[in-house]
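Computed over heavy atoms, backbone and side chain alike; hydrogens, waters and symmetry mates excluded.
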Amino acid sequence: MMEPGEALQSLDHALEAASRAEKRLREAIEVLPQGIVFLDENDRYILWNKRYSEIYERSADLLEPGVRLADTLRIGVERGDYPEALGREEEWIAERLTRLQQPGVRHEQWLANGRCIMIEERKVDGCGTIGIRVDITDLKQKEENFRLLFERNPLAMLVYDVDTGLIRAANESACTFFGYEREEMAGLPAQALFPEAVQSGASAMLATDYSDSNACWQMLRRDGSSVEAVVATRLSRLEGYSATIVSIFDVTERRRIEQRMTHMARHDELTGLANRAHCREHLVNLLEETAGKQTVTIALVDLDHFKAVNDTYGHMFGDAVLTEAARRMLKLIPPNALLCRIGGDEFAIIFRGSSLAQAELVAKSVITTLTEPFFVHGHLIHIGATVGFASSPGDSRDPETLLRYADLALYAAKGEQRGSCRAFATDMDEAAQQKCQLEKDFRAAVRNGELEVHYQPLVNLGTGEVECYEALLRWNHSERGLVSPETFVQLAEEMGLIDQLGRYVLNQACQEAAGWPEHVKVAVNVSPLQFRNGNLISTVINALSASGLAAERLELEITEAVMMEKGPRSGSIIRNLRAFGIGISLDDFGTGYSSLSYLLDYPFTKIKIDKAFILNLHQEAKSRAVIRAVIGLGKNLGLTVAAEGIENEVQRDYLREEGCLQGQGYLFGKPEPVSRLQLPAIRAA
């Protein structure tokens, strides 16, 4: 017989062993990815893992050993944790408890947080119930996506049972394609969709992964009619059976789409004309076919003033004009010519066998018809056209060269007179090559710092004292010598380098002027493109800050073109610059429109009379009248008036007597580098 002490010791060992077992059990279920729960024979909680608590996070506060599952369900229903119970709460609880008493069948449960849980429960003799919870939300989403993809797919799709040879499901597109109701297709033998001659091969194809876009299958519709289709299958496993997902492509539709895509790849969508790719291809083929034995001419037609149509009326009007322009041109070209739209407002006509004179006649007719007004949505719109053309074999037999020559002819025509027609000439290519080389040289000059800032004085006509120097950029080309600023400034604007040049001149001028006497200002010209790009203010402020030059010692010279820019941006920039104390000078006054409203609308500090008036001072009384009027206008508005182009003392004396305050010209000095400036007390920076 066991002694009492031994009995107690044995009980302690047993309790310790049970504790260890429970600890191991807890550790084991905690690492499982599924939610695990143990219920006793009365369906009360005994043990559960962390994953179970996470799944039922909204009811986690109810989980306590000894609490009945039925009670947690009821409270959860009252809280709205189980959306499936809404409106049928008691019935839902009863169904759930019934499943608990009859375990072994999996079922799904949706929670209020949108998750779907798969529940599996098993009874253990004498030990209650073990429950497993698996979050299958992602799987359900994939199933739903597949269902939507299947049901709403514009392709005909079937689910084929490999074992029975029956169609399990068909989407709406398949039912429409074959002419069956959906109920008729479910359970239909797949062989009914194929003629007897191909049924054997079709059965083998349907039971495998199959995809061959070049193979067409004869298939049967419900009415017995035969169609051709491309079939693709994908093996899968659905709800416990082997299946293939069958996709059926109607070849008729595919061919129609292919033809449409082929047409779209070669034609302009808006006008229906041949596009740029088709144009090039046709030109290449034509030149190869004719081999120089027949004249081939390409004419490039550029619509004039078309951008203004889009800007004023919008792209809908622009599209209508393009469509009508294409229609008009089609009526004029000969039957063996091809009309193409190769760009936004650029067209091309390729002539075969037409003489140059005939092609020119058509081109002039095109210009005439496009000059006639367009009536679009109740609006009268005027455009026009300019044409350039080149022909083979006379100009070139190479298609790319011929296109380039036609483009050069068009460029020359637009430069000479819009609304005209020009044929290619060799000097156009020479000019283009020279310009291309000049652009390369200029880019290298900018990159290598070969441009210099020179300064021309503006003097007080009363005292003869230098009051300002105008900064002027100079390019001394190693072979061409001094290149005109008019030439390289235009190049800079075309090449997108004007901002870079503007910053360079401004920084250099401010840096060097900072070392001059304080009463001497510096003037820097500003391009309209610098206003348009929108970063002029920051460029000016940075130059002043870096050099230490006072803002009052800087003048910016702008032309009338700046004010003619649309929108309020230019005016706002001018006013902001003036607010810093920077002087604003209106250059070349008297040319262009010279609207007096500019002087009222913008805070100018100086007007510069254009040199054209000064050169004609002696011969033209009208020039003297204009000069006198501008000087009087400047005085009345409180503006400094400066005259450009003063070359002799007679001109200087006349301007001084009329009250002009400042003068500039070769009489006072040519533009020189800062090291050669002769002003007393000036020092080179």
Participant: Hey, does the Lys NZ or Arg CZ of Arg168 hover above the aromatic six-ring of Tyr241, less than 6.0 Å from the centre and inside 45° of the axis?
Facilitator: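 Cation-pi check for Arg168 and Tyr241: passes.
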Participant: Determine, step by step, whether Leu322 and His315 satisfy the side chain to side chain contact (heavy atoms under 4.5 Å, CB included) criterion, reporting the C-alpha distance in whole Å, the side-chain angles of both residues, the deciding distance to 0.1 Å, and the verdict.
Facilitator: CA-CA 10 Å; Leu322 288 171; His315 288 280; over 6 Å; no
Participant: Is there a salt bridge (charged side-chain N to carboxylate O under 4.0 Å, His left out) between Arg133 and Glu121? Walk through the geometry before answering.
Facilitator: CA-CA 9 Å; Arg133 307 291 190 270; Glu121 293 165 332; 3.2 Å; yes
Participant: Do the side chain of Asp268 and the main chain of Arg341 share a donor and acceptor less than 3.5 angstrom apart?
Facilitator: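 No, because the side chain of Asp268 does not come within donor-acceptor range (under 3.5 Å) of the backbone of Arg341.
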Participant: Please lay out, stage by stage, how Arg122 and Glu120 fare under the test salt bridge (charged side-chain N to carboxylate O under 4.0 Å, His left out).
Facilitator: CA-CA 7 Å; Arg122 296 183 181 278; Glu120 183 174 358; 2.9 Å; yes
Participant: What's the spacing between Leu300 CG and Glu346 CD if we round to 0.5 Å?
Facilitator: 5.5 Å
Participant: Exactly one of Val540, Asn542, Thr539 should register a side-chain contact (heavy atoms from CB on, under 4.5 Å) with Arg503. Which one does?
Facilitator: Thr539
Participant: Between CG of Leu193 and CZ of Arg222, what distance do you get to the nearest 0.5 Å?
Facilitator: 12.0 Å
Participant: Are Leu69 and Leu39 close enough, and set up right, to give a side chain to side chain contact (heavy atoms under 4.5 Å, CB included), and what steps lead you there?
Facilitator: CA-CA 8 Å; Leu69 174 62; Leu39 305 175; 3.9 Å; yes
Participant: If we only count heavy atoms from C-beta on, is the Arg99 to His107 side-chain gap below 4.5 Å?
Facilitator: yes
Participant: I'd like to check Phe38 versus Ile36 (side-chain heavy atoms, cut-off strictly below 4.5 Å). Are they in contact?
Facilitator: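 Side-chain contact under 4.5 Å: yes.
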Participant: Is it true that a side-chain atom of Ser173 and a backbone atom of Ala156 form a donor plus acceptor pair closer than 3.5 Å?
Facilitator: no
Participant: Between OG1 of Thr98 and CD of Glu95, what distance do you get to the nearest 0.5 Å?
Facilitator: 7.5 Å
Participant: Which heavy atom of Leu111 sits nearest a heavy atom of Gln109, and at what distance?
Facilitator: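 The pair with the smallest heavy-atom distance is CD2-OE1, 3.7 Å.
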Participant: When rounded to the nearest 0.5 angstrom, what distance separates NZ in Lys123 from CD in Gln101?
Facilitator: 4.5 Å
Participant: Give the minimum heavy-atom separation between Ser59 and Asp81, together with the two atoms involved.
Facilitator: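 Heavy atoms of Ser59 and Asp81 come nearest at OG-OD2, 3.0 Å.
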Participant: For Asp61 and Arg79, run salt bridge (charged side-chain N to carboxylate O under 4.0 Å, His left out): C-alpha distance rounded to whole Å, both residues' side-chain angles, the deciding distance at 0.1 Å, then the answer.
Facilitator: CA-CA 13 Å; Asp61 61 314; Arg79 291 177 174 178; 2.8 Å; yes
Participant: Output, in order, the C-alpha distance, side-chain angles, deciding distance and verdict of salt bridge (charged side-chain N to carboxylate O under 4.0 Å, His left out) for Arg74 and Glu89.
Facilitator: CA-CA 8 Å; Arg74 189 171 300 279; Glu89 289 80 359; over 6 Å; no
Participant: Would you sort out whether Met219 and Phe194 count as a side chain to side chain contact (heavy atoms under 4.5 Å, CB included), showing the intermediate values?
Facilitator: CA-CA 5 Å; Met219 302 193 77; Phe194 294 90; 3.6 Å; yes
Participant: Show the numbers, then the answer: is there a side chain to side chain contact (heavy atoms under 4.5 Å, CB included) between Val321 and Ile383?
Facilitator: CA-CA 9 Å; Val321 170; Ile383 57 168; 3.8 Å; yes
Participant: Out of curiosity, Thr233 OG1 to Tyr210 OH, how far, rounded to the nearest 0.5 Å?
Facilitator: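 Reported to 0.5 Å precision, the distance equals 8.5 Å.
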Participant: Checking the side chain of Glu108 only, and the main-chain atoms of Cys116 only, is there a donor and an acceptor separated by less than 3.5 Å?
Facilitator: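 No; judged by distance alone, with no hydrogens or angles, the pair does not exist.
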Participant: How about His278 and His267: are their ring centroids closer than 6.0 Å?
Facilitator: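 They qualify: ring centres under 6.0 Å apart.
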Participant: Going from CG on Asn275 to NE2 on His263, what distance comes out if it is rounded to the nearest 0.5 angstrom?
Facilitator: 9.0 Å
Participant: Return the minimal non-hydrogen interatomic distance between Ala190 and Tyr160, and the atom names on each side.
Facilitator: CB-CE1, 3.4 Å
Participant: Can you confirm whether Leu97 is buried at CG, in the sense that more than 12 heavy atoms of other residues, nucleotides or ligands lie under 6.0 Å from that atom?
Facilitator: yes
Participant: If every non-hydrogen atom of Ser53 is compared with every non-hydrogen atom of Ala60, which pair is closest and at what distance?
Facilitator: O-CB, 4.0 Å
Participant: So Met329 and Val301, do their side chains get closer than 4.5 Å, heavy atoms only?
Facilitator: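 The answer is yes; the side chains approach within 4.5 Å.
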Participant: May I ask you to test the Ile342-Phe347 pair for a side-chain heavy-atom distance under 4.5 Å?
Facilitator: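 When only atoms from C-beta onward are counted, Phe347 and Ile342 do not touch, as no gap falls below 4.5 Å.
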Participant: Could you check Ser538 against Asn535 for side-chain hydrogen bond (donor to acceptor under 3.5 Å, both in side chains), going step by step and ending with a plain yes or no?
Facilitator: CA-CA 6 Å; Ser538 62; Asn535 55 5; 5.6 Å; no
Participant: Would Arg328 and Phe374 count as a cation-pi pair here, with the cationic atom under 6.0 angstrom from the ring centre and within 45° of the axis?
Facilitator: yes
Participant: Does any non-hydrogen side-chain atom of Pro65 lie less than 4.5 Å from one of Trp48?
Facilitator: yes
Participant: If I compare all heavy atoms of Arg575 with all of Pro603, which pair ends up nearest, and what's the gap?
Facilitator: CG-CD, 4.0 Å
Participant: Can a side-chain donor-acceptor contact be found between Thr137 and Arg115 if the only test is distance below 3.5 angstrom?
Facilitator: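 There is such a pair (donor and acceptor under 3.5 Å, judged by atom type) between the side chains of Arg115 and Thr137.
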Participant: Is there a side-chain contact between Asn171 and Met157 (heavy atoms, below 4.5 Å)?
Facilitator: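 Asn171 reaches Met157 side chain to side chain.
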Participant: Search all heavy atoms of Thr244 against all heavy atoms of Thr208 and return the closest pair with its distance.
Facilitator: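 Smallest interatomic distance, heavy atoms only, reads CG2-O, 4.2 Å.
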Participant: Does Arg106, at its CZ atom, have more than 12 non-hydrogen atoms belonging to other residues, nucleotides or ligands within less than 6.0 Å?
Facilitator: no
Participant: Please indicate whether Glu181 has more than 12 foreign heavy atoms, meaning atoms of other residues, nucleotides or ligands, lying under 6.0 Å from its CD.
Facilitator: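 Counting other residues, nucleotides and ligands, CD of Glu181 stays at 12 neighbours or fewer.
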Participant: Between Phe177 and Arg221, is there a cation-pi geometry (under 6.0 Å to ring centre, at most 45° from the normal)?
Facilitator: yes
Participant: Could you tell me whether the side chain of Asp161 and the main chain of Asp163 form a donor-acceptor pair under 3.5 Å?
Facilitator: yes
Participant: Do Pro189 and Leu166 come within less than 4.5 Å of each other through their side chains, counting heavy atoms only?
Facilitator: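 A side-chain contact exists here, since the closest heavy-atom pair is under 4.5 Å.
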Participant: Side chains of His282 and Arg280, heavy atoms from C-beta outward: is any pair under 4.5 Å?
Facilitator: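 The answer is no, as the side chains (C-beta and beyond) never meet within the 4.5 Å cut-off.
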Participant: Could you tell me whether Arg51 and Glu30 make a salt bridge, using a distance below 4.0 angstrom between a side-chain N and a carboxylate O?
Facilitator: no
